[in-house]
Amino acid sequence: QVQLVESGGGLVQAGGSLRLSCAASGRTFSSFFMGWFRQAPGKDRDFVAGISWNAYRAYYANSVKGRFTISRDNAKNTVYLQMNILKPDDTAVYYCAAKEGTDSRRSWDYNYWGQGTQVTVSS
C-alpha cells in the first residue's frame with residue numbers, strides 16, 4: 001500500500017506564493033508517477049501538474065503554466081508544488097495522487113490519493 005500526505009496549504013493574498021508538499025510512504029516502485037489535482041466546490045477534479053518519479057518528465061495544466069512548478073526529492077519520497085502569482089481562481093482543495101505505469105492527466109487513472117489540503121487565495 002501507498003500512503004500520501006499533503007501539507008502546505010493555507011490562506012494567501014492574490015499574487016502570493018505557497019509550496020505544497022506530498023510525502024509518500026509504503027511501497028515505491030521505479031514506475032511510480034505522481035500528480036497534483038485540485039477541486040473547487042461544485043467543480044470537477046482537474047489535473048494541475050504531474051511528474052515521473054524516476055524519469056524526467058513534467059506536465060502542467062495550461063492555466064498554471066509559468067506560475068506553478070512541480071519537483072521531486074526521491075531521497076525523501078516527496079513531491080512539491082511551488083505555486084507563484086496565485087489567483088483567486090486557484091482556490092481549491094489540492095490533492096496529491098500516485099499511480100503505477102505511464103504518465104497520465106486523468107484522475108481516474110490514479111489509485112492512491114492524499115486527503116487534500118485547502119488553498120484559499122483572497123482578492
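A quick note: this is a predicted structure, and the numbers were derived from the prediction, not measured.
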Minimum heavy-atom distance [X]-[Y], with the two atoms named:
X	Y	result
Val48	Phe68	CG1-CD2, 3.7 Å
Ala49	Leu81	CB-CD1, 4.1 Å
Gln115	Val5	OE1-CA, 3.8 Å
Cys96	Glu6	N-OE2, 2.7 Å
Thr78	Ser21	CG2-CB, 4.4 Å
Thr91	Ala40	O-CB, 3.8 Å

**Prompt:** Heavy-atom distance under 4.5 Å between the side chains of Arg38 and Val119, does that happen here?
**Reply:**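 No; the side chains remain at least 4.5 Å from each other.
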
**Test item: Arg67 and Asp90 side chains (from C-beta on) under 4.5 Å apart, heavy atoms** =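 Side chain of Arg67 against side chain of Asp90, heavy atoms only: contact under 4.5 Å found.
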
**Request:** Examine distances only and state if a side-chain atom of Tyr112 and a backbone atom of Glu100 form a donor-acceptor pair shorter than 3.5 Å.
**Result:**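 No: the side chain of Tyr112 does not pair with the backbone of Glu100.
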
**Prompt:** Taking atom CD of Gln118 as the centre, does the number of heavy atoms from other residues, nucleotides or ligands within less than 6.0 Å exceed 12?
**Reply:**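 Yes, because the 6.0 Å sphere around CD of Gln118 holds more than 12 heavy atoms from other groups.
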
**Item:** Ring-face cation of Arg45 near Tyr95 (centre distance under 6.0 Å, axis angle within 45°)
**Value:**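 Because its charged atom sits under 6.0 Å from the ring centre and within 45° of the axis, Arg45 does stack over Tyr95.
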
**Message:** Between Phe47 and Tyr59, is the ring centroid distance below 6.0 Å?
**Reply:**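 Ring-ring flag for Phe47/Tyr59: false, centres at least 6.0 Å apart.
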
**Mutual orientation of the aromatic rings belonging to Tyr110 and Phe37 [parallel < 30°, tilted 30-60°, perpendicular > 60°]** =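 Ring orientation of Tyr110 relative to Phe37: perpendicular.
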
